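A quick write-up on the structure given underneath.
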Protein chains: 2
Amino acid sequence: MTQTTQQVDQLCINSIRSISIDAIEQANSGHPGLPLGAAPMAYVLWQRHLRFDPNRPEWPNRDRFVLSAGHGSMLLYALLHFYGFGLERGDLENFRQWQSKTPGHPELGWTPGVEATTGPLGQGTANSVGMALAERWLAARFNRPGHAIIDHHSYALVSDGDLMEGIAYEAASLAAQWKLGKLIWLYDANDVSLDGPLSLSFDRENVAARFEAQGWHVQRVEDGDHDLEALDAAIAAARAESTMPSLVVVKTTIGFGSPNKAGTAAAHGSPLGKEEAAKTKRELGWDVDEKFQAPRAARDRFLSKGSSGKEDREAWDAKLKSYGKTHPELAEDLRRALRGVLPTDWRSGLPIFESGEKMATRVAGGKVLQYVAARIPWLMGGDADLSCSTKTAMESEESQSALAPGGRNLHFGVREHAMAAIANGMAYHGGVRPYVSTFFCFSDYMRPAVRLAALAELPVIYVWTHDSVAVGEDGPTHQPIEHLMSLRAMPHLHVYRPGDANETAAAWACAMERMDGPSALVLSRQNLPVLGVPPAISAEGVRRGAYVALDADAAQALVIATGSELHVAIEAAGRLKEAGIGVRVVSMPCWERFAQQDKDYRDSVLPPSMRCRVSIEAGATLGWERWLVGEGLAVGIDRFGASAPGDEVLQRLGIHAEAVVDAVRRQLD
Amino acid sequence: MTQTTQQVDQLCINSIRSISIDAIEQANSGHPGLPLGAAPMAYVLWQRHLRFDPNRPEWPNRDRFVLSAGHGSMLLYALLHFYGFGLERGDLENFRQWQSKTPGHPELGWTPGVEATTGPLGQGTANSVGMALAERWLAARFNRPGHAIIDHHSYALVSDGDLMEGIAYEAASLAAQWKLGKLIWLYDANDVSLDGPLSLSFDRENVAARFEAQGWHVQRVEDGDHDLEALDAAIAAARAESTMPSLVVVKTTIGFGSPNKAGTAAAHGSPLGKEEAAKTKRELGWDVDEKFQAPRAARDRFLSKGSSGKEDREAWDAKLKSYGKTHPELAEDLRRALRGVLPTDWRSGLPIFESGEKMATRVAGGKVLQYVAARIPWLMGGDADLSCSTKTAMESEESQSALAPGGRNLHFGVREHAMAAIANGMAYHGGVRPYVSTFFCFSDYMRPAVRLAALAELPVIYVWTHDSVAVGEDGPTHQPIEHLMSLRAMPHLHVYRPGDANETAAAWACAMERMDGPSALVLSRQNLPVLGVPPAISAEGVRRGAYVALDADAAQALVIATGSELHVAIEAAGRLKEAGIGVRVVSMPCWERFAQQDKDYRDSVLPPSMRCRVSIEAGATLGWERWLVGEGLAVGIDRFGASAPGDEVLQRLGIHAEAVVDAVRRQLD
């Protein structure tokens, strides 16, 4: 018996649903509500619109798809399984198990075809904005008449929970500001969240009107459970709308097909349970006892899409070849950008600063940035409305906008959280290298996205300036205290707090060279002396995380400092020397790198025999005990700051050479 | 010569502007743009609408005013100065100086009349929502026919920067969801932000339409620089609109009056400079050389408002008296709620859990909450769409809504950031005691507001559950690692991680009793044994931050644990005992409290002579060196977690008794 196209469509959708139920029941853990409800829209998107080649998931011109509602991971795994990305039945049987390819929420790197690590709500919305931005920038930079080499859409499937998050609002605002016409969000509007119906928390707002107010192109699909043609038409119209981003509001039933749980919060975040799972599969027309199965007709339909994807990709390969012939240099530049590998000699022209000069490390960072920007044309970045203060604008580059889609300077407005998550999206996309910037105190606003960059091992660079109470008059709301230590506690993030302009250049270089994780540059507002350490020494020292910046014969004490306190430590060493006490000063700009050095190097910098130790850092002391063995003393600030001129605040809160001198003497006495 | 009312209005507005210029020039630091541009709307609001008594700034039924754009602090200080709050010329001359009453951004507690600590953008919007919510709840609970004891408005002055922040969107969404009809925001729409014109980042969005889409009542004042009657009418209409929150979009000129900087970013964040300041004062009709001056007519006008405010307040005092006669018990309840002081015997009925039982601390927390909720009727709280998981709903209480304005359960939706800042607003308001809840991993979303609670010393309680990799299948996006340490690094926050159900009860009690700062309860998802420690001992131990949970004669080793690792430490001690090694186990649920104990107590728990020390905590080890002198070893997790059943993740990542046994042996060998 031949089945109609429509019948096979339905089989495909129910295959996605059924296999999702099976995996969640097997794991006895997971979120069935979204896979059941969003299967139709996901199927229509993937089958009829999304461009991908399952055998080359990393094909640069593929469409991007982000499951922002990452708790619905089984939907994505089901799609990747059926479309032939190499996710096998065994992988689905191991859903949510140790080191399986199918973790509880999608994680980049674990599963072919997963484009972004999602789960914390809202993040994926901004990720998709970053992807669309990267696509447009690459297109603007590399496409030539007759050679549309970069030309794809970026999609996100978003939930009620995503759209309640402030980050989603910020991301939507920027997407419209930048007029990202190839960005499309499918909104799974099922009127239910984990705790119950949306009438509890989210039924007063007209989401469609809100997006229209933000400048989006908005459509509505009334019956997202059944009306595949409406879904198809809406996605087609969204693709046709090329000037503004598109939202498709799709009304669905959470947990569709579950006789007793559909349309309720009970379907959201817990397995249906054996009995209800069986009932649901029966309702979908499935054999209850056959697990992880799909009809042949459905499997064939899915696989046919894979073949057409292969053709798409091969056509693009040919296109790229022809582009390479007509525009050989551009093609080479594009290849380099997509690989993201720095030229081997790229450090050669890094600025060197003269000792004796006075310069804030934020200013030094700005100078270094100009060089990096010139050398690495795929560097893009910006700030949350503070570039005048953070010094992070690329001076000879345009500001990004619809009129200047090749602009490399990004004005994120006062939207720190979306800024960080958009940077993640740019990194996920590839072909661009993102940095983002604001005051260090406001790194708190970015934190959830910073954590995801660390988890997904994205090479994002954070430039955080105004890094201590030396901010001064703006007062404690703008003065970081706990931020350094709280970020050092985060796995896989490298935090640099350079002590002078030359350390800043080295830190920028190290951050650029790190491709498997994020790096933070924590820079001073206030002027600092450029120290006498030869730049080659400090560069090597920064690379290794810590080094001896000043030594003494038969040093009796060890003083460890970071950032703006390095010169204070050196001043203290000078005073102690006059008193006949030899001091070694260690600069420790990056704890994470130092911890990675072998024991010999660590011991050569911090000899275990040197027990008289003092640290100085204008921040929380918690954590410094790691380097202060025994009775070592930490000079720091374990309270909030205060509004007054920066020098005065430092003095009043005990960040000065005298405090170091005292701490050394107390131990030696 | 008599001046017309309109002339005096203008003098008042220019007095605010002029004195703001003088203070900022004197400090050579500050943000003149907002005080110059927003002076008319602030004056009209304060002079004609805002209810306050400058001699009793803490009068409970006063209107609340939040300067969300806290960088414009001189606007607020000028108002407080002129309206007679006791802010003198000397205070203004000390703008932004050490321990002055006029810090760079408004800070609660430093300045009479300042209602909230603001500066980090967006926060004040949510604070005002919390205030309006507290007002409505108190009104619902305490007002009786003929006795409208609680009846005031809550206002916020918000900037472009505030409204770009995601938290402002979240806060606005909740304000509409709850239909807070007495909430009014004045939006200083000046089309300029720090980095330049809004065309860079915020001109695509129709803000008025966005708020309408969210359900707000929206008005627009076209000429906010001059049209005082339009401002007055709009505020009056906003007050008259009692069913929904109101936004008044006020078009203004940033830096109004400055001949060369008005309307540009140059006026935003830096002093005008001597020359331009002089020109501006001249433009305003002021004597350039007279600093901190205002004409007598203006001063009289301001002071007349103070007198009428006194009358308002006295009328209310009389009202309260009459209320007390008619409803003596309610009046007593209201007094208690406004003081916020707990009954002396309030702990008496706290649940006690039987040793041997197995119970997740989140479940224990839920049981304790029921008692606390019954005992403290002014406790209000809720969660970010996770109450089913965090167990933080008060079982016999209604959900807050316009139909149930006395509801104590708050459904914040997936809006963690606004949730935390709304809790701050409730605490600022007084009369209610807020707690808020989500998964511990998502404390990152709340962090900027948590920091402000700590800085402003607000008694907010955070209930953060699912506190380690034991979360299991949801995987690393949902598994906290660095969170404990990063929050311990924050000044003035108390972080509790109780080790069993009885410690949980004690931690809830300590958190409730702490009135001068926030407390966090970090609770397990998984079941834990209720330990054999007598509840009175563990309660006292929690109060002191750490205590000996298990001891041994001639103990050779000290094991310190928190939370779900306490029973693991005890298990390890048992194994070591079998091997003839005596172990003392210290439970350390709250580092901050322990650090506050005197040395004798600290030494009695952690005797300096005991050098063989091991810590175990399922989180980052950074910071544990504080308690591990010398060669102590920290068992912890310095990587991201993984998706798998919770027990398996704990085992695989080395959080088990065997790891403790090994670490002890390694030191003793």
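Naming convention: chains lettered A, B, ... in sequence-line order (proteins, then strands); numbering from 1 in each chain. Only a predicted model underlies this, so the values are computations on that prediction, with no experimental measurement involved.
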Distance only, no hydrogens: is a donor on one side chain within 3.5 Å (strictly under) of an acceptor on the other, for B:E473 and A:N28? no
Chain B: which of A:A384, A:G623, A:A213 shares the most heavy-atom pairs with it under 4.5 Å? A:A213
So what's closer than 4.5 Å to chain B heavy atoms on A:S399: side chain, backbone, both or neither? side chain
Most chain A-contacting option - heavy-atom pairs closer than 4.5 Å, from B:A209, B:G122, B:S193: B:S193
Under the salt bridge (Lys or Arg N to Asp or Glu O under 4.0 Å) test, residues paired with A:R652 that sit two or more places apart: A:E648
Contact origin within A:Q479 toward chain B - heavy atom pairs under 4.5 Å: backbone
Which heavy atom of A:W98 sits nearest a heavy atom of B:A642, and at what distance? CZ3-CB, 3.6 Å
Counting heavy-atom pairs under 4.5 Å with chain A, the top scorer among B:Q123, B:H492, B:Q400 is B:Q123
Between B:R488 and A:S486, is any side-chain donor less than 3.5 angstrom from a side-chain acceptor? no
Could you check which of B:S199, B:C388, B:S443 has the highest count of heavy-atom pairs closer than 4.5 Å to chain A? B:C388
Non-hydrogen atoms of chain B under 4.5 Å away: do they reach the side chain of A:L628, the backbone, both or neither? neither
For the residue pair A:R626 / B:T621, report whether a side-chain donor-acceptor contact shorter than 3.5 Å exists. yes
Using 4.0 Å as the upper bound for N to carboxylate O, is an ion pair formed by A:R451 and B:E482? yes
Chain B interface, residue from A:L487, A:N206, A:L200, A:L410 that has the most non-hydrogen pairs under 4.5 Å: A:L200
With a cut-off of 6.0 Å (strictly less than), are more than 12 heavy atoms of other residues, nucleotides or ligands near CG of A:D203? yes
Under a 4.5 Å heavy-atom cut-off, does chain A meet the side chain of B:H71, its backbone, both or neither? neither
Most heavy-atom pairs under 4.5 angstrom with chain B, which of A:T477, A:D385, A:D638? A:D385
Between A:Q99, A:E170, A:E165, the one whose heavy-atom pairs under 4.5 Å with chain B are most numerous: A:E165
Could you pull out the closest heavy-atom pair between A:L622 and B:W591, with the gap in Å? CD1-CZ3, 3.8 Å
Is there a donor-acceptor pair closer than 3.5 Å between any side-chain N or O of B:Q177 and the backbone N or O of A:R204? yes
Looking only at non-hydrogen atoms, find the nearest pair between A:G104 and B:S643 and report the distance. N-OG, 2.8 Å
Measuring heavy-atom distances to chain B, does A:S401 have an atom under 4.5 Å in its side chain, in its backbone, in both, or in neither? neither
Please flag which part of A:S100 lies under 4.5 Å from any non-hydrogen atom of chain B: side chain, backbone, both or neither. neither
Value for CG (B:D444) from CG (A:D444), rounded to nearest 0.5 Å, stands at 9.0 Å
Do B:M164 and A:S173 have side-chain heavy atoms sitting under 4.5 Å apart? no
Heavy-atom contact with chain A under 4.5 Å, split by part of B:T117: side chain
Considering only heavy atoms, which portion of B:F442 lies under 4.5 Å from any heavy atom of chain A: side chain, backbone, both, or neither? side chain
Between A:A454 and chain B, which part of the residue has a heavy atom less than 4.5 Å away: side chain, backbone, both or neither? both
For B:P645 and A:Q97, the nearest pair of non-hydrogen atoms, with its separation, is CD-OE1, 3.5 Å
CG-OG distance between A:L194 and B:S389, expressed to the nearest 0.5 angstrom: 5.5 Å
Pairs of heavy atoms under 4.5 Å with chain B: top-ranked of A:A265, A:S29, A:G119, A:G619: A:S29
Counting heavy-atom pairs closer than 4.5 Å to chain B, which one of A:I481, A:L484, A:D160 comes out on top? A:I481
Where the side chain of A:Q214 meets the backbone of B:E205, is there a donor-acceptor pair that is under 3.5 Å apart? no
Proximity breakdown for B:P106 and chain A, heavy-atom pairs closer than 4.5 Å: neither
Is it the side chain or the backbone of A:H483 that comes within 4.5 Å of chain B heavy atoms, both, or neither? side chain
If you count heavy-atom pairs within less than 4.5 Å of chain A, which of B:G475, B:A620, B:P103, B:G70 leads? B:P103
Can you list everything that forms a ring pair (Phe, Tyr, Trp, His ring centres under 6.0 Å) with A:H105? Sequence neighbours excluded, please. B:H478
Any idea which of B:M446, B:E416, B:H417 has the most non-hydrogen atom pairs under 4.5 angstrom with chain A? B:E416
With a 4.5 angstrom heavy-atom cut-off, could you sort out which part of A:W624 is near chain B: side chain, backbone, both or neither? neither
For B:D474 and A:R96 the tightest heavy-atom approach is OD1-NH2, 2.9 Å
Region of A:P608 that comes under 4.5 Å of a non-hydrogen atom in chain B: neither
Side chain from CB out, backbone as N, CA, C, O: work out which of these in A:L198 comes under 4.5 Å of a heavy atom of chain B, or both, or neither. backbone
Under a 4.5 Å heavy-atom cut-off, does chain A meet the side chain of B:D383, its backbone, both or neither? side chain
Side-chain donor-acceptor pair present, A:Y169, B:R210, cut-off under 3.5 Å: yes
Under 4.5 Å from any heavy atom of chain B - which part of A:F202: both
When every non-hydrogen atom of B:F412 is compared with those of A:S201, the smallest separation belongs to C-CB, 4.4 Å
For A:E212, which atoms come within 4.5 Å of any heavy atom of chain B: side chain, backbone, both, or neither? neither
Does any backbone or side-chain atom of A:M419 lie under 4.5 Å from a heavy atom of chain B? Answer side chain, backbone, both or neither. neither
One option among B:T118, B:L121, B:D195 has the most heavy-atom pairs under 4.5 Å with chain A, and it is B:D195
